[in-house]
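Report on the following structure.
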Amino acid sequence: MLLKSNTDSKNDHQGEMRKKMKLPVYMDNHATTAVDPEVFQTMAPYFTEIFGNASSRNHEYGWTAEAAVEKARAQIAALIGASEKEIVFTSGATESDNLALIGTAEMLKEKGNHIITTQVEHKAILDTCHYLETKGFEVTYLPVDQYGRVSAEQIAKEIHAKTILVSVIYANNEIGTINPIGAIGKLCKEKGVLFHTDAVQAAGKIDIDVQALGIDLLSLSAHKMYGPKGVGALYVRRRNPRVRLSPMIHGGGHERGMRSGTLNVPGIVGFGKAAEIAKKVLVTECDRVKKLRDRLWEKIQSELDEVYLNGHATERLTGNLNVSFAFVEGESLMMGIKDIAVSSGSACTSASLEPSYVLRAIGVGEDLAHTSIRFGLGRFTTEEEVDYVAKRVIETAKKLRHLSPLYELVKEGVDLKSIQWTGHH
Ligand SMILES: *Cc1c(COP(=O)(O)O)cnc(C)c1O
């Protein structure tokens, strides 16, 4: 039962989640995470007994709900070194990213119309930037290096008098690469330009301090850190400088006018608890997950040649492993490992399989991109699961390579580049 309460309930619950291997093995923690049982337990009463509207000022129901929201606000602020008043609740990081970009653009349109971002942002940033371009804003999409990083120097070259905002993803959701956020924050401070970061994948996994890093706006999502779906937050700096945003949603003036709408109290309570747990276990979990991730990668490398790591070897999220399996047909590989829940380097667009734009941006060729798999390990990943996944991926890749004439040629020592190909690709 989830609602039992004994002193070790937390460990019991997490232990319970990790106890028994279940198929398909879940290794897609960048897409979403399971709600931590302790988070769920904390949320539960707010659906039923404690159902008040946090903006009801006249009675106990409202006050209790408001107090719970304020506690969550403090828990989330503590995770990133902010103060409570700097946290604006949203419906998720897609909304937070929209509010950061559109809200800043609208507010500062008299000052300038230029925004700098990167080619490897989440779609919530890229699509919002494309929208802003239709409204007269100019956006620079910076290329990244072979590991998926931008540098402060690159950004410095692009900042000019009309630049109002820089937005750089903290840790990439596909390849796990971590950007030099502190250096970029420092640069933006020197230049007097606002700095936003999408920290959805970094939060709870990397020690974030918005003060030390010079971050003005930061997006978070509960469901990427063992909280519920449909709730997120935007950190909005209150001093040095005080950041002001134009709201996108109007009606009632909630969240200090930046985001109207009745607050999702159970979701926010869960988000707060998730942030508190994440802060508490950050170091130990980071270490535990890294060991598992390294174990997976070592096993794969010891049994398969022609496998390539995408992203940075060390400046990377500990739960991320993104690998290209050369000479393996990507779709067949995914079909062959249906007992493992992972993401591939291909995105299904309306008509075709497109290689991931992130992999393309770091120079991974189209063929190799289609053979790429993102393994996302998390809080509930076990060693047993890692060993199972390694075994299944290795045997499937070997089987497919056995069927690959190209792989046979390479093994016979033929240099593929020397072959005169006929026909077209
Ligand atoms: C998941 C994700 C988002 C979107 O968050 P939602 O809360 O699902 O809207 C934005 N940015 C990154 C990097 C993500 O991984």
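Atoms within a ligand are numbered from 1 in the order they appear, just like the ligands themselves.
- The side-chain heavy atoms of Phe271 and Met225, taken from C-beta on, include a pair separated by under 4.5 Å.
- Every protein residue with a heavy atom nearer than 4.0 Å to ligand 1 is included here: Gly92, Ala93, Thr94, Asp97, His122, Ile169, Asn173, Asp198, Val200, Gln201, Ser221, His223, Lys224.
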Dump the intermediate steps for salt bridge (charged side-chain N to carboxylate O under 4.0 Å, His left out) on Glu138 and Lys162, then the final yes or no. CA-CA 9 Å; Glu138 275 169 31; Lys162 293 282 178 204; over 6 Å; no

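- Sorted by first and then second residue, the pairs that involve residues 265-275 and meet side-chain hydrogen bond (donor to acceptor under 3.5 Å, both in side chains), not counting sequence neighbours, are Lys273-Glu276.
- In this structure the side chain of Tyr226 never reaches within 4.5 angstrom of the side chain of Lys224, judged on heavy atoms.
- In terms of the salt bridge (Lys or Arg N to Asp or Glu O under 4.0 Å) criterion, residue partners of Lys189 (sequence neighbours excluded) are, by chain and number, Asp216.
- Residue pairs meeting the ring pair (Phe, Tyr, Trp, His ring centres under 6.0 Å) criterion with at least one member in residues 159-216, sequence neighbours excluded, are His114-His160.
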